[in-house]
Amino acid sequence: MRGNSHIAFYITTPIYYVNAEPHLGHAYTTIVGDVIARFHRLSGYETFFLTGTDEHGNKVVEAAEGSGETVEAYVDRISSAFKETWPKLNITNDYFIRTTDGNHKATVREILSKVYEKGDIYFSDYEGKYCVGCERFYTDTELTQGRCPIHMNEPRIIKEENYFFRMSKYQGWLIDYIDEHPGFIRPERYRNEVMAFLKEPLEDLCISRPKRRLSWGIPLPFNDDYVTYVWFDALINYISALGYPGGERFKKFWRVAQHIIAKDILKPHGIYWPCMLKAAGIEPYQHLNVHGYWNVNTGKMSKSLGNIVRPLDLADKYGLDAFRYFLLREMVFGLDSDFSEESLVRRLNADLANDFGNLVSRSMTMAVKYFEGLLPAPGKPEEADEDLRGAALKVIEEYKGMMKGFAFHKALIGVWELIGKANKYIDTMKPWALARSDRERLGTVLTTLTEVIKTVSVLIWPFMPQTAEKIQHQLGLERVGSELPLEAPGEWGRTKQVRAISKAPPLFPRVNPEGEKARG
RNA sequence: CGCGGGGUGGAGCAGUCUGGUAGCUCGUCGGGCUCAUAACCCGAAGGUCGCUAGUUCGAAUCUAGCCCCCGCUACCA
């Protein structure tokens, strides 16, 4: 069933700015990317999943000075922190890009030249309110009563010559494009937000900084006294990573590009980036997928222990798969959510331990207890068996639609409805009674159950790869993980050998509300 | 007239785009089962879906107006 490999899929996270170490928000975005990438691999798509780090700009220089390092050493260190975090969260990115990479810098300069030669970059005065202490310009809205929020002094009005990107030229085109491509920015609330912004005239974008003020950046190809402003640098990573313009990957993947971002960087991605692409003569990306924020009540945590929510700590404490599941199940993609360990524990116990883990546990135990793990070929299915199978096949179809639309919580709700039906099926069929009265029927019931569990294992693999594969090994399947495609559950009745020879440990041990592992 | 988000049983949330018996988790109460991780299954109590008007045979869902809460001031996905 790998015949779909000519179908391509390209997904990106933002490149993370290296002035802080990875936190919950970074982890969420990247796990979403991983889930969607794994889903497409499972569906037979040739998939390219990109993440990386954004390393230029003033704040990075300041952060390096603050830690007493050279800029180069500093960016290497923080970039590595990101790069080394992702494997620990089971992130399967195909490439990790850094904006300090030579090929990226070359691509940025190439694009700049192209747009410059086209006449869409011009040199002009920039006048603004500049705080000498901060060494930066402020907009009126950033100022507190007309004063710098940090130094509390009045900013100086100064003029600076800079290069500008003729973004206003593309406003009409962008409005039409978004109109004609309803899913271009999604969910819809963010599309509306961009459209609302585009109702006002778009200003041209200042894309340079003089070197005397900022040297840590990519020099403009047409004026070496200037470096490019961060967004023009950063956004281009999405194509430089593919080897634009001539790279095979660019040809294969760019036309199916999808970005994932959090709502704070909607404007650069929803407006600057499409205009930049248009100016450079490159097709727009396919979808911009925008998610909300995790609101973390850090006050509570710091009171007791003075600790912060760090993704790796949570994964260590509760299990990586539980952590990944929680993030994708709890947040409605696009909306804000509250994060708390309490709600994580609630989901871990209710959804994972009670509903799902226990279903696997009781089913496996019976397969081993009554048939020594070797289930007989199923007999003639009865109505209840067919109903359950029908429900499973229906869930697979709905799941695909939800996943493609980034409705992860709905995809998981569907899977858990199936889990609920399987638990109910056990209670209705009473296999422990069949063990004494009708062994053939017992075999059919247990086979039906293991098929449902197999189906579930495939559907949860993008979210919880370790758990899914553990189950698939227990079921004695020859193909596991990404080798077991989404269509496999349709081949019902093939699971004969269950390998849970002795009692397997629970997939998800229950946790008491204080976060300690409960006594099993 | 700033912009945006939200107001759904005790708590936390889906559902609103594509109107049609109001759903989930936790909690409470009662029952069942014994294969299972004090788990699972069934049942019960509990909601004027912020307010008002409108469209409609029918509105949590669409339209208009109003009220209340929260971000936009902390690094940042």
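Order of the sequence lines sets the chain letters (A, B, ...), proteins ahead of strands, with each chain counted from 1. Quick caveat: nothing in here was measured; it's all calculated off a predicted structure.
In this structure, the nucleotide among rU37(B), rC40(B), rA77(B) sitting nearest to the side chain of Ser361(A) is rU37(B). For Lys59(A), the listed nucleotide lying nearest its side chain is rC76(B); candidates were rC42(B), rC76(B), rA77(B). Of the candidates rC17(B), rG6(B), rC41(B), the closest approach to any side-chain atom of Lys410(A) belongs to rC17(B). Considering only the side chain of Glu193(A), rG4(B) comes nearest among rG4(B), rC41(B), rC35(B). Across rC35(B), rC76(B), rC17(B), the shortest atom-to-atom separation from the side chain of Trp432(A) is found for rC35(B). When distances run from any side-chain atom of His409(A) to the nucleotides rG15(B), rC26(B), rC35(B), the shortest one goes to rG15(B). Across rA14(B), rU37(B), rC76(B), the shortest atom-to-atom separation from the side chain of Ala353(A) is found for rU37(B). The side chain of Arg346(A) has rC26(B) as its nearest neighbour among rA36(B), rC26(B), rA14(B). Side-chain proximity of Tyr17(A) to rA36(B), rA77(B), rA14(B): nearest is rA77(B). In this structure, the nucleotide among rC26(B), rC40(B), rA14(B) sitting nearest to the side chain of Asp427(A) is rC40(B).
In this structure, the CG atom of Asp338(A) is 12 Å from the C1' atom of rG71(B), given to the nearest Å. For the pair Ile413(A) CD1 and rG15(B) P, the computed distance is 8 Å after rounding to whole Å. Residue Asn192(A) contributes atom CG, which lies 8 Å from atom P of rG5(B) at whole-angstrom precision. Between the CD1 atom of Ile453(A) and the C1' atom of rC35(B) there is a distance of 12 Å, given to the nearest Å. In this entry the distance linking CG of Asp264(A) with C1' of rG71(B) reads 13 Å, nearest Å. Protein atom CZ of Arg510(A) is 13 Å distant from nucleotide atom C1' of rU25(B), rounded to whole Å. Computed from coordinates, the Asp351(A) CG to rC24(B) P distance equals 14 Å when rounded to whole Å. Nucleotide rA36(B) holds its C1' atom 10 Å from the OH atom of Tyr370(A), rounded to whole Å.
Nearest-nucleotide mapping onto RNA chain B: of Ile426(A) and Ile15(A), the residue sitting toward the 5' end is Ile426(A). Both Ile419(A) and Tyr28(A) lie close to RNA chain B; mapped to their nearest nucleotides by heavy-atom distance, the more 5′-ward contact belongs to Ile419(A).
Remark: rG43(B) base-pairs with rC29(B); criterion is Watson-Crick or G-U wobble with both hydrogen-bond distances under 3.5 Å. Pairing for rG71(B) is with rC3(B), a Watson-Crick or G-U wobble pair whose two hydrogen-bonding atom distances lie under 3.5 Å. The nucleotide rC62(B) finds its pairing partner in rG54(B), both defining distances of the Watson-Crick or G-U wobble pair being shorter than 3.5 Å. The base-pairing partner of rU21(B), taking Watson-Crick or G-U wobble contacts with both distances under 3.5 Å, does not exist among the strands shown.
Going from the C1' atom of rU56(B) to that of rA14(B) covers 26 Å, rounded to whole Å. Nucleotides rC13(B) and rA60(B) are separated by 15 Å at their C1' atoms, to the nearest Å. To the nearest whole angstrom, the two C1' atoms, one in rC51(B) and one in rC69(B), are 15 Å apart. Separation of the P atoms belonging to rU21(B) and rA64(B) is 26 Å when rounded to the nearest angstrom. Here, rC24(B) and rG31(B) have their P atoms 23 Å apart, quoted to the whole Å. Nucleotides rA38(B) and rC76(B) place their P atoms 46 Å apart, quoted to the nearest Å. Nucleotides rG50(B) and rG32(B) have their C1' atoms positioned 41 Å apart, rounded to a whole Å. Rounded to whole Å, the C1' atom of rG47(B) lies 38 Å from the corresponding atom of rU73(B).
Ion pairing between a basic and an acidic side chain is recognised when a charged N comes within 4.0 Å of a carboxylate O; Arg347(A) and Asp355(A) show no such pairing. Salt bridge Lys454(A)/Glu451(A): present, at least one basic N to carboxylate O contact under 4.0 Å.
Within 4.0 Å of Ile265(A), counting heavy atoms only, lie sugar-phosphate atoms of the nucleic acid but no base atom. No contact: Lys430(A) has no heavy atom under 4.0 Å from any strand. Among the heavy atoms of the strands, none lies under 4.0 Å from Trp416(A). Within the nucleic acid shown, Asn358(A) comes within 4.0 Å of at least one base atom, counting heavy atoms only. Among the heavy atoms of the strands lying under 4.0 Å from Phe508(A) is at least one base atom, whether or not backbone atoms are also near. Leu359(A) comes within 4.0 angstrom of no nucleic acid atom, judged by non-hydrogen atoms across all strands. No contact: Val32(A) has no heavy atom under 4.0 Å from any strand. Heavy atoms of Arg347(A) sit nowhere under 4.0 angstrom from any nucleic acid atom. Among the protein residues, Asp355(A) comes within range of the sugar-phosphate backbone only, with heavy atoms under 4.0 Å from sugar or phosphate atoms but none that close to a base. Heavy atoms of Pro14(A) sit under 4.0 angstrom from primed sugar atoms or phosphate atoms, though from no base atom.
Side-chain atoms of Glu55(A) and Thr100(A) form a donor-acceptor pair, as typed in the model, at a separation below 3.5 Å. No donor-acceptor contact under 3.5 angstrom links the side chains of His269(A) and Tyr190(A), judged on distance only. A donor and an acceptor atom, one from each side chain of Tyr10(A) and Gln286(A), are nowhere located under 3.5 Å apart. Counted by atom type alone, Asp233(A) and Thr99(A) present zero donor-acceptor pairs between their side chains at under 3.5 Å. With no hydrogens or angles considered, no side-chain donor-acceptor pair links Tyr16(A) and Thr29(A) at under 3.5 Å.
Put simply, Lys424(A) has no side-chain N or O that comes within less than 4.0 Å of OP1 or OP2 on rC40(B).
The environment of Glu440(A) atom CD is sparse: at most 12 non-hydrogen atoms of other residues, nucleotides or ligands sit within 6.0 angstrom.
By the stacking rule of 5.5 Å between ring centres and under 30° between planes, Tyr293(A) stacks on the base of rA77(B).
A donor-acceptor contact under 3.5 Å is not formed by the side chain of Asn354(A) with the base of rA39(B).
Heavy-atom minimum distance, Ile78(A) versus Val18(A): CG2-O, 3.5 Å.
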